[in-house]
Amino acid sequence: MIKVGINGYGTIGKRVAEAVQLQDDMEIVGVVKTKPTYEIQGALDAGLPVFASTKSKIAFFEEKGVSISGVTEDLVDIADIIIDCTPGKLGVNNMEMYKKSGTKAIWQGGEKHAPIGVSFNALTNYSSSINQDYVRVVSCNTTGLSRTLYPILSKYSIDNVQAVMVRRSGDPKDSDRGPINSIEPVLTVPSHHGPDVQTVIADLNIQTMAVKVPTTIMHVHCIIAELDREPDIEEIISLWDATPRVNLLEGFLNNKDSKIRNLPGTAEIMELARDSSYTRGDLNQIAVWKDGIHGLDNKLYYYQAIHQESDVIPENIDAIRAMFNLESDNLKSIDKTNKALGIN
Ligand code: NAD
């Protein structure tokens, strides 16, 4: 059993902890919290050992009646691997601590690729992480773009991809994020998402733009891929149908008299996820609107929705398996993770 520690128990950290607990080849040995806020309750309920981020914080936990198993360095010493889920751009500062105790580590998409050196997506470049010590699981947006663009490469060459990310402004729990009544474009073009895809699909010619909108539940991507020939839409649909962690959904139900609204937007898609008893009402799969896939000349047009809080969770599990070489075949790891998490 691989001993896994979680450093940073927020949106991503708590979900990775829950996912690890559902696997038969890894276990959680502790989680690090900076403060005894409400989010600690899930760890306590699950009986997970809690570690304070630093010695100076221990008294704060004790005052609140939370017993502490040590500090971050203690967890790093007993863990085989740390999943660093601290806020973006902070996590990489922990690399020296992990190196000092010879503990492997995974970071999240808020970190840059360069200081870590290996970026991960289970479908596109699993083998690059086999036996590696330090790996970054790419962001929710990059994961989404990679999962749908990569399968196309098995039948077509992609000359160029242009994509616009319509991004949620914060997660549902983030009452301090915004905007709440504005649409904010990312004025640097291309946005960082395109180059980030190239860390897991080398040589893909892709440029992206992004806007932030006042919603919390999902991102939507509008994608135009220029292929080497006219896309056969039925063929593209079968490629995505056969791709793990991609779900084709119908925006409208067609009958002979009218079109009936089915899953026209992210609100309905997340309600479907909640109806389907996914853990927490999450949707680990990328949702592609089947009736939004179109071809014009050599260009393929499609829309997809990303549940930002959860699409990267199974990726973290597969990354652990690759880094300890528990499974050398990416599709077998994906299948094992999916079965354990109930992803269909
Ligand atoms: P979050 O703010 O929900 O959680 C971060 C947690 O780390 C918080 O509990 C915070 O208190 C804790 N923390 C802060 N400093 C710490 C320290 N020094 N030591 C230990 N814990 C510390 O953030 P998140 O959304 O879970 O993001 C974590 C990472 O995952 C980031 O790199 C982010 O970019 C990436 N990510 C986030 C999302 C998303 O939509 N939320 C999606 C994909 C990837």
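Whatever order the structure lists ligands and atoms in, that order sets their numbers, starting from 1.
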Worksheet, complete the sentence: Note: Y9, heavy atoms under 4.0 Å from ligand 1, region reported as backbone
Worksheet item: So among D318, D24, D329, which one has a salt bridge (charged side-chain N to carboxylate O under 4.0 Å, His left out) with K336?
Response: D24
Worksheet item: Any ion pair linking R15 and E18 (charged N to carboxylate O, less than 4.0 Å)?
Response: no
Discussion item. Heavy atom to atom 4 (O) of ligand 1, shortest distance: which of G13, G10, G110, S139 holds it?
Written reply: G10
Worksheet item: Any idea which atoms of ligand 1 are less than 4.0 Å away from a heavy-atom of K173?
Response: 1 (P), 3 (O)
Practice prompt. Identify which of P172, G8, G91, G88 has a heavy atom lying nearest to atom 7 (O) of ligand 1.
Written response: G8
Worksheet entry | Short side-chain donor-acceptor distance under 3.5 Å, T86 and D84 | yes
Item to complete: Tell me which one of I40, T37, V312, T86 gets a heavy atom nearest to atom 29 (C) of ligand 1.
Response: T86
Worksheet item: Does V71 offer a backbone N or O that forms a donor-acceptor pair with the side chain of K55 under 3.5 Å?
Response: no
Worksheet entry | Close N or O approach (E111, ligand 1; < 3.5 Å) | no
Item to complete: Note the single closest protein heavy atom to atom 42 (C) of ligand 1, along with its residue, its atom name and the distance in Å.
Response: Q308 O, 3.1 Å
Worksheet entry | Pick from I12, D84, T72, T142: the one approaching atom 38 (C) of ligand 1 most closely through a non-hydrogen atom | I12
Worksheet entry | Sub-4.0 Å atoms of ligand 1 with respect to non-hydrogen atoms of Q108 | 29 (C), 30 (O), 32 (O), 35 (C)
Worksheet entry | K332 side chain to S328 side chain, donor-acceptor N/O pair below 3.5 angstrom | no
Item to complete: May I ask you to identify the nearest protein heavy atom to atom 25 (O) of ligand 1, giving residue, atom name and distance to one decimal place in Å?
Response: T11 CB, 3.7 Å
Worksheet item: Looking at T34, which atoms of ligand 1 are within less than 4.0 Å of one of its heavy atoms?
Response: 11 (O), 13 (N), 15 (N), 16 (C), 17 (C), 19 (N), 20 (C), 21 (N), 22 (C)
Worksheet item: So is there a nitrogen or oxygen of G109 less than 3.5 Å from a nitrogen or oxygen in ligand 1?
Response: no
Worksheet entry | N262 and E268: side chain donor to acceptor below 3.5 Å | no
Item to complete: Under 4.5 Å between side-chain heavy atoms, chaining through other members, with only Ile, Leu, Val, Met, Phe, Trp and Tyr counted: pull out the rest of the cluster around Y38, sorted by chain and number.
Response: none
Worksheet, complete the sentence: heavy-atom search around atom 14 (C) of ligand 1 in the protein gives P87 CD, 3.3 Å
Worksheet entry | Closest non-hydrogen atom pair, K33 against Y9 | CD-CB, 3.7 Å
Fill in: Pairing of R168 and E309 as salt bridge, 4.0 angstrom limit
no
Response to the item:
shortest atom 20 (C) of ligand 1-to-protein heavy-atom contact is with N7 OD1, 3.1 Å
Discussion item. Can you tell me how the ring of Y303 sits relative to the ring of W289, calling it parallel under 30°, perpendicular over 60° and tilted otherwise?
Written reply: perpendicular
Worksheet entry | Exercise: identify the closest heavy-atom pair between N298 and R229 | OD1-C, 3.4 Å
Fill in: Sub-4.0 Å protein heavy atom near atom 23 (O) of ligand 1
no
Worksheet item: Heavy atom under 4.0 Å from ligand 1: found in D171's side chain, backbone, both, or neither?
Response: side chain
Worksheet item: Between R168 and ligand 1, does any nitrogen or oxygen pair lie at a separation below 3.5 Å?
Response: yes
Practice prompt. With heavy atoms of C85 as the reference, note each atom of ligand 1 found under 4.0 Å away.
Written response: 5 (C), 6 (C), 7 (O), 28 (C)
Discussion item. Going by side chain to side chain donor-acceptor pair (under 3.5 Å), T337 matches just one of R321, E315, Q23. Which one?
Written reply: R321
Practice prompt. For ligand 1, find out whether one of its N or O atoms is nearer than 3.5 Å to an N or O atom of E39.
Written response: no
